[in-house]
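Working notes, structure below.
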Amino acid sequence: QQQVKQSPQSLIVQKGGISIINCAYENTAFDYFPWYQQFPGKGPALLIAIRPDVSEKKEGRFTISFNKSAKQFSLHIMDSQPGDSATYFCAGENAGNNRKLIWGLGTSLAVNP
Amino acid sequence: DAGITQSPRHKVTETGTPVTLRCHQTENHRYMYWYRQDPGHGLRLIHYSYGVKDTDKGEVSDGYSVSRSKTEDFLLTLESATSSQTSVYFCAISEGGLGETQYFGPGTRLLVL
């Protein structure tokens, strides 16, 4: 059973455009929501994360928007660049689950020059 | 890759043979994880450890065992490799508190013929 649903599966964006990836979760006990970025041949690396006490977090061109009532969160990449081409994973974690992340299935982003 | 090494990086083996993958960290982090990554399935947790000799199963643990006799080493053993275990295997570490980043190793690409 998948507790974090991620969409779209793949995304193509033109350089300078906005990339938007969405995730929905089921477990209301989740209290930490990270996004990881993975380049081909590499392991995932933390990109940005949010806790449910805020509705938005921004780091440079990357923003997480969080809607607690809808149990949804999204990643926005502003001014998308070819170097942003990667696979992005959302995840959820709750304190009672012994530090296990529940992962979405990933979104493959391609930014065309 | 945050002081995490995985060995071997590539391995080809035959069905029915035992295989051991090693994860070594120099960060002294408490938690260590083994994931497998397959197209269409994202990252799936195999086993994890929350201390020396303390391990627990993840969502796809059948056919795998782990051991952690030292803080820095976490071994994943495929008891009798099958073709369905062909995958890319990632080790990850974290300090263990809620919201702590998981740091991933470079991965091991395993092909079971």
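Sequence lines set the chain letters: A, B, ... in the order given, protein chains first and strands last, and positions in each chain run from 1. Because the structure is predicted, anything quoted here is derived from the model rather than measured.
For the pair A:Tyr36/B:Gln102, a side-chain contact is recorded, criterion being any heavy-atom separation below 4.5 Å from C-beta on. Looking at heavy atoms from C-beta onward, B:Gln37 lies out of side-chain contact with A:Trp103 at the 4.5 angstrom threshold.
Cluster membership for A:Leu46 and B:Tyr33, using ILVMFWY side-chain heavy atoms within less than 4.5 angstrom, is shared. Under the 4.5 Å side-chain contact rule for hydrophobic residues, B:Tyr35 and B:Val88 share a cluster. A:Val111 is connected to A:Phe62 through a chain of hydrophobic side-chain contacts under 4.5 Å among Ile, Leu, Val, Met, Phe, Trp and Tyr, so both are in one cluster. Linking ILVMFWY residues whenever their side-chain heavy atoms come closer than 4.5 Å, directly or via other members, places A:Val4 and A:Ile48 in the same cluster.
In this structure, no portion of A:Gln9 lies under 4.5 Å from any heavy atom of chain B. Residue contact with chain A, scored on non-hydrogen atoms closer than 4.5 Å, involves the backbone and the side chain of B:Leu43 alike. Contacts of A:Pro44 with chain B are made by both backbone and side-chain atoms, with heavy-atom separations under 4.5 Å.
Note: A:Leu101 CG to B:Glu100 CD = 11.5 Å, rounded to the nearest 0.5 Å.
In this structure, the ring pair (Phe, Tyr, Trp, His ring centres under 6.0 Å) partners of A:Phe66, at least two apart in sequence or on a different chain, are A:Phe33.
For chain A, the option among B:Gly40, B:Gly42, B:Cys91 with the highest count of heavy-atom pairs below 4.5 Å is B:Gly42.
In this structure, B:Phe90 and A:Lys42 approach most closely via the heavy-atom pair CZ-O, 3.6 Å.
Residue-environment remark: CZ (B:Arg9) exceeds the threshold of 12 foreign heavy atoms within 6.0 Å.
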